[in-house]
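The block underneath contains the structure these notes are about, expressed in structure tokens.
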Amino acid sequence: QENPYMCNNECDASTQELAHPPELMYDPEGRNPMTFWQSTSWKKYPKPLLINITLSWNKTIELTDDIVITFESGRPEQMIIEKSLDYGQTWQPYQFYATDCLEAFRMEPKTTHDLTQHTVLNIICTEEYSRGYVWKHDKMVRFEIKDRFALFAGPRLHNMASLYGQLDTTKNLRDFFTITDLRIRLLKPATRETAVDEQNLSRYFYAISDINIRGRCKCNLHANNCVYANGKLSCECEHNTTGPDCGRCKKNYQGRPWSAGSYLPVPKGTANICNPSICALGDCECFGHSNRCSYIELLNTVICVSCKHNTRGQHCELCRLGYFRNASAELDDENVCIECNCNLFGSVHDRCNDTGYCDCKEGASGPKCDECLPGYLWHRGCRPSVCDNELLRCQNGGICHNNMQCECPAAYTGILCEKLKCEKEAGGCGSNSGQGPLSQSSLLLLTALLGVSRLLTL
Ligand SMILES: [Ca+2]
């Protein structure tokens, strides 16, 4: 490879001094020459020399600067950078790199300068980082984060507020710069743009001295620090949040739904703190009818406990059964709920509608069902009249008493005094039957008027 410090015949993976293991891609640099990882050579040409380098953080990361990969071999003629947002379950391409994008990926070659605010999420193939050989400034392959930021924040990133505003309100944009894993897929090593020298295949390989990725833990703006402990990165969550990304409210702090912190309004932003579930009067929205809330995990919601003043509901905003809303009182008034006061005898049940009207039984009326319709009389509820001075006259000189009862002359009986009273039921009246003051047909009429159910209520 015509590079004085590249190993030619002195690579040996089993000898520490001559090995080039993957760790050398992320060890601290600064020494000269650089330390580098080196792949096996392309000895199986023309079978492709395919290598994946996968970086996993086991944590959601937000990229803040360009990804820079420094090659000590020539830069690959074909490669792809891919990202995952779900810990490596699914992968999406971030950018394609080739000496010839059309040939390699059937994509038009582009650079980030072709992107606009509207196409910033487009995945491009670039030829910018695949040509050339090992020159001092030509060793790097970039994934340009800052060029994309600049579309919103201006060329010198002087207006970061504008970028943050966009990130805040556009989930796709936010997700674009967010990763849990990164994968560098090396597809074809540098061949110096000449035909592959099949006699000398050990010339072709990949070598990387450094991979530089700058980002920060995604903590949803609920943490100032992200710590590495027990082999794991995790946010030091504040604002009563928890989870690896501070993506939930802590137990007992479910006073309102979780929400990410916000850069808006500029410049101070909004913390969106999780509120306690069990809390002092006022914090827990119960309109002053309770000072205690409980979090219902199944519904992910907070409800008031033990609503007083005859209220009920998630926020004590409704009236208990048997009470109705006092239209002239505010929700936080102690007298917001008024008892229905449905008449025990006249109502179907003790509940009423929004205006305080009760459900009345047959014959009853009035808001509280304590009045009777015409033809009904109050007697532990509304009963149909037995007798009156028009349709239901008492017969044979009987007198209607309070519409409830005919007071019959001594010789007569029956509801309307329509029957002769007999000393002995069997036979005693037999001779007189048919001779009574009421004919058979008028008796039938009476029966129909009274109805069986009416008789039963007597
Ligand atoms: Ca190194």
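No hydrogens, no waters, no symmetry mates; every other heavy atom, side chains included, goes into these values. Atoms within a ligand are numbered from 1 in the order they appear, just like the ligands themselves. Numbers here simply count residues along the sequence, with the first being 1.
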Can a side-chain donor-acceptor contact be found between [Y] and [X] if the only test is distance below 3.5 angstrom?
{"X": "D86", "Y": "T90", "answer": "yes"}
{"X": "T170", "Y": "N172", "answer": "no"}
{"X": "E72", "Y": "Q38", "answer": "no"}
{"X": "D27", "Y": "T35", "answer": "yes"}

Worksheet item: So which of the N, O or S atoms of E29 lies nearest the Ca ion (ligand 1)?
Response: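 Nearest N/O/S atom: OE2.
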
Item to complete: Could you tell me which N, O or S atom of D27 is nearest to the Ca ion (ligand 1)?
Response: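 It is OD1, the N, O or S atom of D27 closest to the Ca ion (ligand 1).
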
Check whether any N, O or S atom of [X] sits under 3.0 Å from the Ca ion (ligand 1).
{"X": "S209", "value": "yes"}
{"X": "T35", "value": "yes"}
{"X": "L24", "value": "yes"}

Discussion item. Quick one: does any side-chain atom of D114 pair with a main-chain N or O of T111 as donor and acceptor, under 3.5 Å?
Written reply: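 Judged by distance alone, yes, a pair lies under 3.5 Å.
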
